[in-house]
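Have a look at this one before I ask anything.
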Amino acid sequence: MSGNDRNGRGHHHHHENMVPPAAIALAGALIAASFALVVSVRSNLLPAAPTAADLRAAKHVGLVRERLLRFSDTAAGEVLVTDAGNGREVARIGQEGSGFIRGVMRGLARERRMHGLDASRPFRLSLWDDTQLTLVDLATGRTIELNGFGHTNRAAFLRLIVPETQAVPGGPR
């Protein structure tokens, strides 16, 4: 009975292709088109989508206020925020404080360490006429558009540039 089952038939294992050839051709075409688009953008044959900064420049959106800030850890586990221009304390963010600020700054600090960049360079926090709020890492050049993270997270950073006694641009009305 070697090689045959009880009915005398051989053990033949069939691997039929269950995917229609047209589906395989379409998948290949989609991969090729995606690759062609990436190559076109990377080689400047097609323009990349404009950044938020490009859109602001095109619309001539003015700067309302900006502040150069430094963020450092204290022995007590707080994040000390100081004005880079005068060295004055802007805020202390404790363990129970803004997790969003702590998370953003942790990620930016990690990026600086990975590239061996100066940790003491300040960050630029900017408020624009269109109520957009941006944080720029002056060491890496990375820009974070803070409005994209929701009102509460934006407000955490906004307090670092607009004193609480003033109306908050772009806040709830």
Side-chain angles (χ1 to χ4, degrees), residues 1-64 66 69 71 79 93 95-119 121 123-161 168-173:
M1 267 200 161
S2 67
N4 292 330
D5 64 12
R6 282 185 280 194
N7 298 323
R9 294 183 298 231
H11 290 290
H12 296 287
H13 200 85
H14 296 287
H15 290 285
E16 289 185 36
N17 189 358
M18 302 302 285
V19 180
I24 293 172
L26 284 172
L30 182 62
I31 291 169
S34 298
F35 183 73
L37 282 172
V38 168
V39 168
S40 297
V41 170
R42 291 284 183 164
S43 61
N44 293 323
L45 296 175
L46 288 176
T51 65
D54 294 337
L55 294 173
R56 272 193 295 277
K59 294 178 182 178
H60 305 290
V61 174
L63 181 66
V64 172
E66 75 177 6
L69 300 168
F71 296 80
V79 174
I93 303 164
Q95 298 286 350
E96 71 289 339
S98 173
F100 179 65
I101 290 177
R102 294 173 81 85
V104 167
M105 300 317 298
R106 192 177 306 119
L108 292 172
R110 181 175 45 247
E111 187 173 0
R112 285 180 173 194
R113 278 191 310 274
M114 284 178 14
H115 292 95
L117 299 172
D118 182 5
R121 295 247 353 236
F123 295 85
R124 183 175 53 233
L125 185 61
S126 304
L127 177 63
W128 302 93
D129 277 338
D130 62 358
T131 75
Q132 295 295 307
L133 187 64
T134 59
L135 180 68
V136 177
D137 183 342
L138 296 177
T140 64
R142 182 162 179 205
T143 299
I144 298 175
E145 299 290 334
L146 296 166
N147 287 44
F149 295 96
H151 175 73
T152 303
N153 290 327
R154 175 187 180 273
F157 272 97
L158 188 62
R159 284 192 276 288
L160 302 177
I161 195 171
V168 177
R173 303 195 193 290

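Each residue takes its place number in the sequence, starting with 1.
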With sequence neighbours excluded, residues passing side-chain contact (heavy atoms from CB on, under 4.5 Å) with Thr140: Glu111, Arg112, Leu117, Asp137, Arg142

query: From Asn147 CG over to Arg154 CZ, what is the distance, rounded to the nearest 0.5 angstrom?
result: 4.5 Å

statement: Output for pair (Leu69 CG, Leu138 CG), nearest 0.5 Å, gives 10.0 Å

message: Nearest 0.5 Å, please: how far is CZ in Arg113 from CG in Leu108?
response: 11.0 Å

task: For Leu135 and Met105, run side-chain contact (heavy atoms from CB on, under 4.5 Å): C-alpha distance rounded to whole Å, both residues' side-chain angles, the deciding distance at 0.1 Å, then the answer.
output: CA-CA 10 Å; Leu135 180 68; Met105 300 317 298; 3.9 Å; yes

field: Side-chain touch Ser126/Val136, heavy atoms, less than 4.5 angstrom
entry: no

task: Could you tell me how the ring of Phe100 sits relative to the ring of Phe149: parallel (under 30°), tilted (30 to 60°) or perpendicular (over 60°)?
output: tilted

message: Nearest 0.5 Å, please: how far is CG in Leu133 from CG in Leu125?
response: 5.0 Å

task: Report the residues that fulfil side-chain contact (heavy atoms from CB on, under 4.5 Å) with Asp130, sequence neighbours left out, ordered by chain and then residue number.
output: Arg56, Val61, Trp128, Gln132

task: Rounded to the nearest 0.5 Å, what's the gap from CG on Leu160 to CZ on Phe123? Could you check?
output: 12.0 Å

- request: With the side chain counted from C-beta on, respond yes when Val79 and Arg106 share a heavy-atom pair under 4.5 Å apart, and no when they do not.
  value: no

message: To the nearest 0.5 Å, what is the distance between CD1 on Ile101 and CD1 on Ile93?
response: 4.0 Å

